[in-house]
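Labels below follow one simple rule: chain letters A, B, ... track the order of the sequence lines, proteins then strands, and each chain is numbered from 1. Since this is a predicted model, take the numbers as computed values, not measurements.
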Amino acid sequence: MRVLGRRLLVAAVVVAQLFFVARGYWSDHKEFGFQMFPEASRWEADIVRVTADGRRIPIDQPWSGYRWEDLVQDWGLAYPGVRHHADAGLDNQLAFLDAALDWVADHTPRDHETRYLEATVTTWFNDDEPEVVVLRSHRR
Amino acid sequence: MSVATLDRVDDALGRRVSMRPLALLRIPIGLIALVHLWPFLDDARHGVQYRDTFYEPYASWYPELSRGAYGVLLGVGAVAAVCMTLGLLTRLACAVTFGVVAYNLFLSTTHVHSNRAFLTIVLAGLAVAPCGRELSLDAWLRGRRGLPPLDKLAPAWPLLLLRFEDVTVYAASGLSKLLDPDWFGGTVTWLRVVHTRRQLEASPLPAWVTDLLLERGFHTYAAKVIVLTELFIAVGLCFRRTRVAAVMVAVCFHVAIQLTASVEVFSYLAIATLLIWLDPSPPAREPDSPSPSSA
């Protein structure tokens, strides 16, 4: 029984680890995939709040007592208007930015005018030509 | 898989080996865990926690503690990490350190970095191995009480699993670069240097070195050296004949990374983890040594 348990535990760890390594090739977040320094890609984003009356207000202006850089700090997201290196790759960076837009939309209760946040992201995948992606938070 | 092969695997996993490599590893890993936890603890002491800014839970059911309890948990983790290094209540200390680091890691996708994931794996390995029976306060206190030393041999499977994980880190990293034409062709390393041109030119490096590093052609070769170095370490660690060379190359490799990149605790962690490649063969029994207890 002890031998069987040990065998199963070791097999589970090995299979799980190999799965996570393989998953690193398709997942945005490459947990336990150990792909170090994967890209030299960069990104920058213009983020606006889109209000009910259609105004598009840049998030570098404080609103309702909130400041973007106080709300979002990790992974180079505090100052999205500055061009940043995508530390763990562009897919990872865009996934974080997308999630951050939703988080800010959900965690700014004093803001009664914003309908959604929108990021116009310019990305440079290694030395490729720049591409533009638009990300939106869910509607509030 | 044949029965004979399974038997051989079982023999290898169950073979009793010296836990000294893991006892040695435990000492720096406790300190590294403390260094890892410290920024979280320091923030918590100043009333700042992960939930105050953007974070992204992996699952809605993942338990989140109250602000006070989270701070206490980090404090407990830090104390356990120190106990781990000292070898005081070692089994409990290793388990608690692992638990706190793992809990904190999985609180948010933003918490997960490769170095933290690897630290969690190493802590898990130490938590399941009897790594406090030597080089520890536990062993010293036991001796002072006149009790016989505990058996320093134990089944090899935790050590073998940690070795597998260590090889995986180098192999996965090297393989991902080998399969990426931009990496293997030098584009990635060249651009990384070009993007830091200003810092490079302001550094005390001689001008010819700066020029060389900014030269794209140089990276055509340098990138291949980096990739093959990682793969050599992964393969070299697996074989006795090449193990010493692989360890030496790995140390140089991590020193170079530490000098040129910001990788949190990764360099220290990776170098410390090389201790698991020490020979764990049981030492020859000294004729007059006291017989160990397996209690």
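- Between chain B and the options A:Ala95, A:Pro38, A:Ala88, heavy-atom pairs under 4.5 Å are most frequent for A:Pro38.
- Most heavy-atom pairs under 4.5 Å with chain B, from the set A:Val21, A:Val72, A:Val10: that is A:Val10.
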The test is side chain to side chain contact (heavy atoms under 4.5 Å, CB included); show your working for B:Val263 and A:Phe37 and say whether it passes. CA-CA 10 Å; B:Val263 288; A:Phe37 309 110; 3.7 Å; yes

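- Residues A:Gly33 and B:Ala172 come closest through the heavy atom pair O-CB, 3.5 Å.
- With a 4.5 angstrom heavy-atom cutoff, B:Leu13 touches chain A via backbone and side-chain atoms both.
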Any idea which donor-acceptor pairs are under 3.5 Å between chain B and chain A?
from: B:Asp10; atom 1: OD1; to: A:Arg7; atom 2: NE; distance (Å): 3.3
from: B:Asp10; atom 1: OD2; to: A:Arg7; atom 2: NE; distance (Å): 3.3
from: B:Asp10; atom 1: OD2; to: A:Arg7; atom 2: NH2; distance (Å): 2.5
from: B:Phe54; atom 1: N; to: A:Leu71; atom 2: O; distance (Å): 2.7
from: B:Tyr58; atom 1: OH; to: A:Glu31; atom 2: OE2; distance (Å): 2.5
from: B:Thr110; atom 1: O; to: A:Trp75; atom 2: NE1; distance (Å): 3.0
from: B:Ser173; atom 1: N; to: A:Phe34; atom 2: O; distance (Å): 3.2
from: B:Ser176; atom 1: N; to: A:Tyr25; atom 2: OH; distance (Å): 3.4
from: B:Lys177; atom 1: NZ; to: A:Met36; atom 2: O; distance (Å): 2.9
from: B:Asp182; atom 1: OD2; to: A:Asn126; atom 2: ND2; distance (Å): 2.7
from: B:Trp183; atom 1: NE1; to: A:Phe37; atom 2: O; distance (Å): 2.7
from: B:Arg192; atom 1: NH1; to: A:His85; atom 2: NE2; distance (Å): 3.1
from: B:His195; atom 1: NE2; to: A:Arg42; atom 2: NE; distance (Å): 3.1
from: B:Arg216; atom 1: NH2; to: A:Asp127; atom 2: OD2; distance (Å): 3.1

Check the pair B:Val128, A:Leu9 against side chain to side chain contact (heavy atoms under 4.5 Å, CB included), reporting the backbone distance first and the verdict last. CA-CA 12 Å; B:Val128 297; A:Leu9 178 69; 5.9 Å; no

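- Between A:Leu77 and B:Phe54 the shortest side-chain heavy-atom distance falls below 4.5 Å.
- In this structure, the portion of B:Ile121 lying under 4.5 Å from any heavy atom of chain A is its side chain and not its backbone.
- For a residue to count as touching a neighbouring chain, one of its non-hydrogen atoms must lie under 4.5 Å from one of that chain's; by this rule B:Val194 does not touch chain A.
- Interface residue A:Val14: backbone and side-chain heavy atoms are both found under 4.5 Å from chain B.
- Of the two parts of B:Ala261, only the side chain, counted from C-beta on, holds a non-hydrogen atom closer than 4.5 Å to a non-hydrogen atom of chain A.
- Taking A:Phe32 as the reference, A:Phe20 meet the ring-ring contact (aromatic ring centres under 6.0 Å, His included) condition, with sequence neighbours excluded.
- Within 6.0 Å of atom CZ in B:Phe232, more than 12 heavy atoms from other residues, nucleotides or ligands are found, so the atom counts as buried in its surroundings.
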